[in-house]
Participant: 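The structure's right below; bear with me while I get my questions together.
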Amino acid sequence: MPNPAQIASVNVVAAPAIDDPMLLAPFTRWLNQSGLAESQFQLSGLHCAACAGIIERALLELPCVSAATVNAASARLQLVWQPGQAALAELLARIEAAGYGAAPDVAAPARQLREREQRLLLWRLFVAAFLMMQTMMMASPSYFAAAGDLKPDLLRLLQWACWVLSLPVLLFSAGPFFRSAAQQIKHRQLGMDVPVALGMAVIFVVSSAALFEPDGLFGDQVYFDSLTMFVTFLLAGRYFELRARHRAAAALEKASGTLPDCVERIAPDGSGQMVAPLRLRVGDRVRVCAGQAFPADGLIEAGSSMVDEALLTGESRPVAKSTDDEVVAGSLNLQAPLLMRVLRVGADTRLDAIVRLMQEAMTQRPAISAVADRVARHFLWVVLLLAGAGALLWSWLDPARAVWVGVSVLIVTCPCALSLAAPSAWLAATAAMARRGLLLVRIDMLETLCHVDTVVLDKTGTLTEDRMELLEHWLHCDQAGMPDPADASALSASLLAAARSLARHSQHPFSRAIASSDSLAVSADWTDVQEIPGKGLQATDPQGRTWRLGAPAWVNQGQPHDAAQILAAQLAFGRPDELLCLRFGEVLRADAMTALARMHKLGLRTLLLSGDGQARVELLAAQAGVQQAQGDATPANKLAVVASLQSEGHCVLMVGDGINDAPVLALADASIVMGQGAMLARASADGLLLSNRLMDLVLAIELALRTRRVMKQNLLWAAAYNAACIPLAMAGLLPPWAAGLGMAASSGLVVLNAQRLARPMVEK
């Protein structure tokens, strides 16, 4: 049976092919013009932090590798390397030589690697559990039979049967523990598997010595049943850990594997050709059928349908899309065929950015997790010293029990739970946030969110929607042209419909606010449409009349009558003798008031910073329920305000979306950028709120507080478990099988407790 590394190598057997930039693209990004690349890999065979260190050192020895970061909790590798200096197959071979498996983190090979790892572990667990029951059945007469009831030759036969049954458990089921321990010792790295493998070896060797020579140094007692039980409990704990890790990896794979295998590209002559999404280029026209995912970011040119964007935004309800609406790669077309023009492909798409954010977050190791790993490594030396001291003490008190006491101490004090306490909680919480549409760029932000006491919000695009809303409109005509009141309403409606029709020729926020109305627009055959910067749109109707949509003074063409009414409008449409005045307002996000009230309930202070006028900002703040507002704020003003808050000892969370927010996002203790935010703002933020729901931000803060509580529970449990069990083992009251059960149960409890955080975040 091939090992996991061999399976990985099947996918990269042709090194020149896999190193083609286009084929590297699904799991690689290029960092600069010098050819430096950052690739993501899925690993197998990892069991603790020591395994991560072994892989990192093995790769860093290669001259083509600049950086290697392994997250043992998620079994992921982030590698910065020079593809021009080495083939990918060489890197995977180096990981295989270190004793581990690896595959490029694209859907198929990574999934196969995970499935095989899980299947193999399940077989090991089955063999250990089945033979454990048989071994216990053979050993039970020696425990329950009265003195003289069990003949010596029958007892020896049962012991030999236990020895035979324990061999497959030791050689097959416990194989990963011994291999991992050997690798750790070979690389002078003390990990969790060293005391575990040492305990197994001591139990088997001493029991075998007692079986072969009953009158020897170790007496005539055998503990093969304890060995098989110990291995079974450990494998059961590892299986639960593996399932939890694979669920996190599957969530990422679901996001990265949503693009279709092929798509129909429409040629200029109207003919269609099936091509891979990698072959698409900006400007291509693509037909996306119902039930198919969009292969790239694009603009709908023809058709209307409902689109499922749940995977990208956390929004469970389908979204209506029609002509001139943007769609994103990975979202699903639900109802009807659409003709789309490609705007962004490959690494430039929103889906690719999301996947890379998830990959980076899952690869990172929080500071507190690194501290726990260091503590665990040092504690392992304490484990060995305690085991040696226990065996030495009992060699004076009762030499027959000295070995078993040492083995029990060795097993029961293995700090697996301590190493799993933090990373298991972080990964579960990160997955839950991702399902609600909040992606963490920096996983340490979870800890920072627990200390936040002040939330600073930008206005446009953050507290409000990134669109305007038509609040009111009124008709303005000169005295001679003023229609009867009965006709004024019809004329106003007709002009508004014509304005909507003309507005579709512009992407100005006011134009989009008019054109996005549900009302039907007049089908006007506009000609000579011009957009004049700073003024607006000008066009000619079929009768040859010129119409304008834009600044009121420009549309009015300087006519002096009733100028006050015209200047009160923000936009006007028509001609000087027939003028429709329009006034707009910003749209508060639907959940803004609820989210802010929830923030205040958590004891958070809220502050609105905006470059708009003070009066307008204060009005919106009062409407939303923000505690404090400051208008006329330049980027420098925003920086000064946040710096002042930090100097007063406040921990600041900044939420924004614009390019002008990038400096203050970088300065804040924690920062979130809205999903539609500018790329520069995204690069400066610690998290990306794809859902654009402020309530999801509140839920994330609450989840961060829960994560800290769960992590403390895990650490407290690990400490309490060791404090309670070490004295019992030292006193000889904890046999090896019970020590193994305790260690496996401790690790399993930590993982299961952390999985409570992975449940969907629900508004209460």
Side-chain angles (χ1 to χ4, degrees), residues 124 127-145 147 150-179 181-182 193-235 383-384 387-388 390-395 397-414 728-730 732-744:
R124 295 185 194 278
V127 170
F130 179 77
L131 294 180
M132 174 195 72
M133 292 186 289
Q134 304 302 313
T135 305
M136 290 177 65
M137 183 176 66
M138 298 294 179
S140 57
S142 63
Y143 294 120
F144 301 118
L150 192 63
K151 294 182 179 180
D153 56 343
L154 181 58
L155 176 62
R156 304 298 294 168
L157 181 61
L158 292 174
Q159 289 177 342
W160 275 104
C162 290
W163 182 81
V164 171
L165 291 171
S166 67
L167 285 176
V169 176
L170 191 73
L171 299 177
F172 175 67
S173 297
F177 299 102
F178 288 104
R179 280 195 297 272
D193 289 327
V194 172
V196 170
L198 185 59
M200 293 178 187
V202 169
I203 293 176
F204 183 78
V205 170
V206 173
S207 294
S208 297
L211 175 64
F212 297 155
E213 193 175 353
D215 298 327
L217 176 63
F218 299 109
D220 60 353
Q221 295 296 316
V222 298
Y223 292 89
F224 297 113
D225 54 333
S226 295
L227 172 64
T228 55
M229 197 179 303
F230 174 46
V231 174
T232 301
F233 293 151
L234 279 182
L235 288 174
V383 169
L384 297 177
L392 184 61
L393 177 63
W394 277 92
S395 66
L397 300 176
D398 185 356
R401 302 179 63 186
V403 173
W404 312 121
V405 169
V407 169
S408 295
V409 173
L410 199 64
I411 293 170
V412 82
T413 53
C414 184
L728 292 176
M730 293 288 287
L733 301 176
L734 204 65
W737 68 266
L741 175 60
M743 192 188 98

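Keep in mind that what you see is a predicted model, and the values were worked out from it rather than measured.
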Participant: Take atom CZ of Phe178 as the centre, draw a 6.0 Å sphere, and report whether it contains more than 12 heavy atoms from other residues, nucleotides or ligands.
Facilitator: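 More than 12 within 6.0 Å, yes.
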Participant: Could you state the interatomic distance from CG (Leu154) to CG (Leu158), rounded to the nearest 0.5 Å?
Facilitator: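 If we round to the nearest 0.5 Å, Leu154:CG and Leu158:CG are 4.5 Å apart.
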Participant: To the nearest 0.5 Å, what is the distance between CG (Leu131) and CE (Met137)?
Facilitator: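 CE of Met137 is found 11.0 Å from CG of Leu131.
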Participant: Would you name the heavy atoms of Ser173 and Arg124 that are closest together and state the gap between them?
Facilitator: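 Taking Ser173 first and Arg124 second, the nearest heavy atoms are OG-O, 2.9 Å.
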Participant: What pairs of donor and acceptor atoms, side-chain ones from residues 162-172 against any protein atom, are under 3.5 angstrom apart with sequence neighbours left out?
Facilitator:
from	atom 1	to	atom 2	distance (Å)
Trp163	NE1	Ser208	OG	3.1
Ser166	OG	Cys162	O	3.3
Ser166	OG	Trp163	O	2.8

Participant: Using the side-chain contact (heavy atoms from CB on, under 4.5 Å) criterion, which residues pair with Ala181? Sequence neighbours excluded.
Facilitator: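 Once residues adjacent in sequence are excluded, the partners of Ala181 under the side-chain contact (heavy atoms from CB on, under 4.5 Å) criterion are Asp193, Val194, Ala197.
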Participant: Phe224 and Trp160: ring pair (Phe, Tyr, Trp, His ring centres under 6.0 Å), yes or no, with the steps?
Facilitator: CA-CA 10 Å; Phe224 297 113; Trp160 275 104; 9.0 Å; no
Participant: So do Leu211 and Arg156 actually touch side chain to side chain, heavy atoms under 4.5 Å?
Facilitator: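 A side-chain contact under 4.5 Å exists here.
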Participant: How many angstroms lie between CE in Met133 and CE in Met136, if you round to the nearest 0.5 Å?
Facilitator: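 Between Met133 CE and Met136 CE, I get 9.5 Å after rounding to 0.5 Å.
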Participant: Let's go through Leu235 and Val231 carefully: what are the C-alpha distance in whole Å and the side-chain angles of both, what is the deciding distance for side chain to side chain contact (heavy atoms under 4.5 Å, CB included) to 0.1 Å, and is it a yes or a no?
Facilitator: CA-CA 6 Å; Leu235 288 174; Val231 174; 3.8 Å; yes
